[in-house]
Novice: 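Mind having a look at this structure? Questions to follow.
Order of the sequence lines sets the chain letters (A, B, ...), proteins ahead of strands, with each chain counted from 1.
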Amino acid sequence: MSIVTRFAPSPTGFLHIGGTRTALFNWLFAKNMGGKFLLRIEDTDRERSTQEAVNAIFSGLRWLGLDWDGEAVFQFSRAPKHREVVNELLENGNAYYCYCSQEELAAMRDQAKAAGLAPRYNGYWRDRDSKQAPAGVKPVVRLKAPTEGKTVLEDLVQGTVVTCNTQLDDMILLRSDGTPTYMLSVVVDDHDMNVTHVIRGDDHLTNTFRQIQIYQALGWQIPKFGHIPLIHGPDGAKMSKRHGAVGVEAYKALGILPQTLCNYLLRLGWAHGDDEIIPTEKAVEWFNIEGIGRSPSRFDMNKLLNLNSHYLRQAENDKLIDSIAEFLPNNLSAKLSDSADYRQRLVIGINGLKQRAKTLAELATGAQFYLLDAPLPMNDKIKLLLSERESREILKKLTEALKVFNEWNEASLHILVKDFSNGLGIGLGNVAKVARAALTGSEISPSIFEIMQALGKQETLNRLKRCGQLVF
RNA sequence: GUCCCCAUCGUCUAGCGGUCUAGGACGUCGCCCUUUCAAGGCGGCAACACGGGUUCGAUUCCCGUUGGGGACGCCA
C-alpha cells in the first residue's frame, strides 16, 4: 500500500515556521516513499479563519516548492459528512447528548483540579436520559469514551506512549450549534483521505489519544502517528510572535532563499551524519522518520543567515538579478528591468556582490551603486576623503591613465592600476581607496577592478573624472 | 494542579556499551591571504545536567533528582 501524508494547517494567521517544518517533513517523507502528500485547510473555526490566511498558506508552500497532490481539501465543506458520522456514533451508543452549561463545566474542572485530578468533564449526562434535559438548552454531542484501561500510542518519533483513560474525558464531537469539532473532523477527514501517516507537531500528542478513541468507536483503521518536537525561540519557549519572525513570508521578505529555509528547517531536529548543506534532492533521498530527534530545538538566526549566504553564492546570476528587483527602490528596479545597459552591469557585478551578502535584501543594497547615476550619495567620511587634494590628484592621474587603456577587463585593469600605483610610489591600497570612493560612494565594496569592468570604460571614467573635479 | 515528552560545546547536532584524551556546523577569538569588506585556508576556546544502579567497561541501558518544554476549550 502506498503511503499518504498530509499537512493540515488552520488558516488563522500566517504560515507558521513550525508548521512549515511539519509540512516539509510530511512532504519529504511522502517523496522518499513514493507516496502522496495532501493539503487540508482546517477552517472549521469560522470566526478566525480568513481567506488571507488561506492564501498565505498556499503561496508559502508554493514558494518553498512543497507541492501537494490533488486539490486542497477545505474541512468546513465536509461538515455534513462529519455530522453523518456523529449520527452513526449516536445510533450505536458510542456518543450521547450533553446539556451542561459553560458554568457547570467550569465548576467540574475546578472540582477535579481541587481533588488533584486532571480538569475534566465528569460524565454527568453519559448515562442520563435526555428526557431530563433542561428546557431550551441545545445539547452538544460527546463521545462515550472508555472509562478504564489504557490507550496506547506507538509513535513513530516518540516511541510507545501510554495514557490512562481516566485521564481523558468524554470529548465534544458536535457543538451545540451543530458544527463538528476539530477532534472529530480530523479523524473523519484523515480516514476519508486515506491518510496512512499523520506527522504533526508535538503539541498534538495528547489529542492523539482522544482521536484514537474515536477511531476505535468507529471501528476504523488507525493511521501511524509521528509527533515531531516543536521549534523553540532562542529563549527555549515555543516560537511565538514575541520571538520576531514566525511566518514564512517574513523570511521571504528578509531575502532568505526558499532552499535555505528548507535546508535549515530540515537540519533542525534531523541530521544525516555531518552533512550541513543538503539540497532538496538529497533531502528526499535521505529523509527518514527514525532520524527525527525527540528534543525541541531552538531557532538560530545566525545559522540560517550563514546557510543563506552559502546558497546565495551558489545561485545562478540571472535568477539572482531577477530576484533582487523586489528589494530595490522602485526607480532602481524599473531601471533594472527597462535598461539592458544597467542590467549588464549587474551581470558582471553580481559575482562580487553575492559573495558578500547574507540576504537578497543585502544583495540589493549592495547593488545600488551600479544602478544609481552620478553624483552618488556619499557620507561625510567619503566626502572628506574625496575633498583632500591628494585624492583629487590621484583621481586625475588615474583618469588619464585609464583613458588610453583599452584592455577593459578585471585582470588587466588590476595590473594597470598596480603599475600606476607603483609609478606614483603610494601603494595600491591608497589608490584603491580613493577609486572605490569615487566609483561606489562607499568605503566597502567588491573588487574595484571587477567594478570597473562591470561599469564599463565610459561610466568608470565618468565617475572618476567627476570626483576628481568635485569641490565640496 | 494533573498527565506526557525531553536533556552532548552558547546554538544545531554526530554518537545507537569499548573506535571518545567526544566529531562536524553556526557563533566567537587568533593567524594567513588581501585594494576595503566578505569569502577562503589554518588554528584556539567551548559539552556528555546531577546522583544511584546494570556491566569487566558507560556519553551510550535502567531508576531517581534537577532543569526545560508541551497538553489539559462548544480553538485547531
Side-chain angles (χ1 to χ4, degrees), chain A residues 8-12 42-45 47-49 75 98 100 102 105-106 109 112-121 138-142 153 155 157-159 161-164 166-169 171-183 185-186 201-207 209 227 229-230 232 234 236-238 264 267-277 293-307 309-310 313 352-358 366 414 417-418 421 427-437 440 442-449:
Chain A
S10 54
T12 53
E42 312 228 307
D43 55 349
T44 52
D45 186 335
E47 296 288 305
R48 296 198 295 158
S49 298
Q75 191 161 59
C98 166
C100 285
Q102 300 285 4
L105 294 175
R109 282 187 209 110
K113 243 180 185 171
L117 299 169
R120 57 196 285 279
Y121 172 66
K138 287 213 167 114
V140 298
V141 176
R142 286 180 183 273
L153 166 64
D155 195 274
V157 177
Q158 306 290 342
V161 189
V162 183
T163 274
C164 288
T166 49
Q167 206 58 225
L168 276 16
D169 62 2
M171 82 203 86
I172 293 175
L173 303 175
L174 219 55
R175 301 186 188 98
S176 52
D177 65 359
T179 59
T181 60
Y182 159 79
M183 213 62 82
S185 307
V186 203
D202 220 352
D203 49 341
H204 283 286
L205 191 76
T206 47
N207 287 336
F209 294 102
H227 288 90
L230 266 15
H232 287 176
K238 190 175 167 180
Y264 179 72
R267 280 288 288 105
L268 226 44
W270 185 89
H272 184 266
D274 284 341
D275 293 312
E276 295 288 344
I277 306 296
R294 271 175 296 191
S295 55
S297 37
R298 302 183 188 204
F299 196 89
D300 182 1
M301 197 59 179
N302 275 329
K303 193 153 182 172
L304 209 220
L305 252 17
N306 175 275
L307 241 198
S309 45
H310 170 85
R313 267 174 265 135
L353 253 20
K354 71 179 182 182
Q355 217 178 104
R356 292 163 171 76
K358 285 187 158 63
H414 192 161
V417 178
K418 191 157 195 173
S421 310
L428 180 54
N430 291 309
V431 175
K433 186 162 72 172
V434 181
R436 169 170 293 111
T440 70
S442 167
E443 48 194 335
I444 297 168
S445 83
S447 155
I448 56 165
F449 309 113

Novice: Is there a donor N/O on one and an acceptor N/O on the other, under 3.5 Å, for the side chain of A:Asn207 and the base of B:rA76?
Specialist: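 Indeed there is one.
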Novice: Which nucleotide in the list B:rC6, B:rC74, B:rU2 gets nearest to the side chain of A:Ser176?
Specialist: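 Nearest to the side chain of A:Ser176 among the choices is B:rC74.
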Novice: Would you kindly give the CZ-to-C1' distance between A:Arg298 and B:rA7, to the nearest whole Å?
Specialist: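 It is 11 Å, rounded to the nearest whole Å.
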Novice: How many Å lie between CG on A:Leu353 and P on B:rA39, as a whole number?
Specialist: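 Between P of B:rA39 and CG of A:Leu353: 15 Å.
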Novice: Short question: side chain of A:Tyr264, backbone of A:Asp300 - any donor-acceptor pair under 3.5 Å?
Specialist: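 Yes: the side chain of A:Tyr264 pairs with the backbone of A:Asp300.
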Novice: From NE2 of A:His232 over to P of B:rA71, roughly how many Å is that when rounded to an integer?
Specialist: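 Those two atoms, NE2 and P, are 9 Å apart.
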Novice: Between A:Thr44 and B:rA76, does any side-chain N or O lie under 4.0 Å from OP1 or OP2?
Specialist: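 Checking B:rA76 against A:Thr44, a side-chain N or O does come within under 4.0 Å of OP1 or OP2.
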Novice: Which whole-number value in Å describes the distance from A:Ile448 CD1 to B:rU36 P?
Specialist: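 About 10 Å, once rounded to whole Å.
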Novice: So what does A:Val161 touch, heavy atoms closer than 4.0 Å: a base, only the sugar-phosphate, or nothing?
Specialist: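 Contact class for A:Val161: sugar-phosphate only.
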Novice: Scan A:Tyr264 against the nucleic acid and name what it touches under 4.0 Å (heavy atoms): base, sugar-phosphate only, or nothing.
Specialist: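 No contact.
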Novice: Of the nucleotides B:rU13, B:rU36, B:rA39, which one has an atom closest to the side chain of A:Ser447?
Specialist: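 Nearest listed nucleotide: B:rU36.
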Novice: Provide the closest heavy-atom pair for A:Val140 versus A:Ser176 in the form atom of the first, atom of the second, distance.
Specialist: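 So the minimum-distance heavy-atom pair works out to CG1-N, 3.5 Å.
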Novice: NA contact type, A:Glu443, heavy-atom cut-off 4.0 Å: base, sugar-phosphate, or nothing?
Specialist: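 Here A:Glu443 touches the bases of the nucleic acid.
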Novice: Check the distance between B:rG24's P and A:Lys303's NZ and give it to me in whole angstrom.
Specialist: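 Answer to the nearest Å: 13 Å.
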Novice: Choosing from B:rC72, B:rU35, B:rA14, which nucleotide comes nearest the side chain of A:Ala271?
Specialist: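 Given the options B:rC72, B:rU35, B:rA14, the side chain of A:Ala271 is closest to B:rA14.
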Novice: Could you check which of B:rG40, B:rC5, B:rG70 has an atom nearest any side-chain atom of A:Gln158?
Specialist: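 Nearest listed nucleotide: B:rC5.
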Novice: I'd like the P distance from B:rC9 over to B:rU59, given in whole Å.
Specialist: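 Straight-line distance between the two P atoms is 15 Å.
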Novice: Kindly assign one of parallel, tilted or perpendicular to the pair A:His414 and A:Phe449, based on the angle between their ring planes and the thresholds 30° and 60°.
Specialist: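 If you compare the ring of A:His414 with that of A:Phe449, the planes turn out parallel.
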Novice: Side chain of A:Ala432, heavy atoms from C-beta onward: which of B:rU35, B:rC6, B:rC3 has the nearest atom to it?
Specialist: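 Taking heavy atoms from C-beta onward, the closest nucleotide is B:rU35.
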Novice: Specify the separation, in whole Å, of atom CD of A:Gln355 and atom P of B:rG40.
Specialist: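 About 8 Å, once rounded to whole Å.
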Novice: Would you state whether a donor and an acceptor, one from the side chain of A:Arg294 and one from the base of B:rC5, lie under 3.5 Å apart?
Specialist: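 By the distance-only test, no, there is no pair.
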Novice: Base, sugar-phosphate alone, or nothing: which one does A:Cys98 contact when heavy atoms must sit under 4.0 Å apart?
Specialist: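 A:Cys98: no heavy atom of the nucleic acid under 4.0 Å.
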Novice: Whole angstrom is fine here: how far is it from CZ in A:Phe209 over to C1' in B:rC4?
Specialist: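 After rounding, the reported distance stands at 7 Å.
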Novice: Identify which nucleotide among B:rG24, B:rC37, B:rA76 has an atom closest to any side-chain atom of A:Thr181, counting heavy atoms from C-beta outward.
Specialist: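 Looking only at side-chain atoms, A:Thr181 lies closest to B:rA76.
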Novice: Please check if the side chain of A:Asp155 supplies one atom and the backbone of A:His227 the other of a donor-acceptor pair under 3.5 Å.
Specialist: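 Here the side-chain-to-backbone pair exists.
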Novice: Is there a donor and acceptor pair, one atom on the side chain of A:Arg436 and one on the base of B:rU35, closer than 3.5 Å?
Specialist: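 Check passes, donor-acceptor contact within cut-off.
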Novice: Within the structure shown, what part of the strands sits under 4.0 Å from A:Pro446 by heavy-atom distance: base, sugar-phosphate, or nothing?
Specialist: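 Counting heavy atoms under 4.0 Å across all strands, the contact made by A:Pro446 includes a base.
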Novice: Name the nucleic acid region contacted by A:Glu47, choosing base, sugar-phosphate or nothing; use a 4.0 angstrom heavy-atom cut-off, strictly under.
Specialist: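 Result for A:Glu47 = nothing.
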Novice: By nearest atom, which of the nucleotides B:rA14, B:rA76, B:rA25 is closest to the A:Asp274 side chain?
Specialist: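 Closest of the options to the side chain of A:Asp274: B:rA14.
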Novice: Where the side chain of A:Arg109 is defined as all heavy atoms beyond and including C-beta, which of B:rU11, B:rU36, B:rG73 is the nearest nucleotide?
Specialist: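 Taking heavy atoms from C-beta onward, the closest nucleotide is B:rG73.
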Novice: Starting the side chain at C-beta, find the nucleotide from B:rC6, B:rG1, B:rC4 nearest to A:Lys113.
Specialist: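 Closest nucleotide among those given: B:rG1.
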Novice: Whether A:Lys238 contacts B:rA71 is assessed here as follows: a side-chain N or O lying under 4.0 Å from the phosphate OP1 or OP2. Is that the case?
Specialist: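 Yes, such a contact exists.
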Novice: Given B:rA38, B:rC12, B:rU11, which nucleotide is nearest the side-chain atoms of A:Ser297?
Specialist: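 Nearest to the side-chain atoms of A:Ser297, counting from C-beta on, is B:rC12.
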Novice: Taking atom C1' in both B:rG68 and B:rG10, compute the distance separating them and give it to the nearest angstrom.
Specialist: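 Rounded to whole Å, the distance is 16 Å.
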Novice: For A:Leu305 and B:rU11, give me the distance from atom CG to atom C1', rounded to whole Å.
Specialist: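 Whole-Å distance recorded here is 14 Å.
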Novice: Taking atom C1' in both B:rG64 and B:rU54, compute the distance separating them and give it to the nearest angstrom.
Specialist: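 That atom pair is separated by 15 Å.
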Novice: Indicate, with a heavy-atom threshold strictly under 4.0 Å, whether A:Gly269 touches base, sugar-phosphate, or nothing.
Specialist: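 Since only primed, P, OP1 and OP2 atoms lie under 4.0 Å of A:Gly269, the category is sugar-phosphate.
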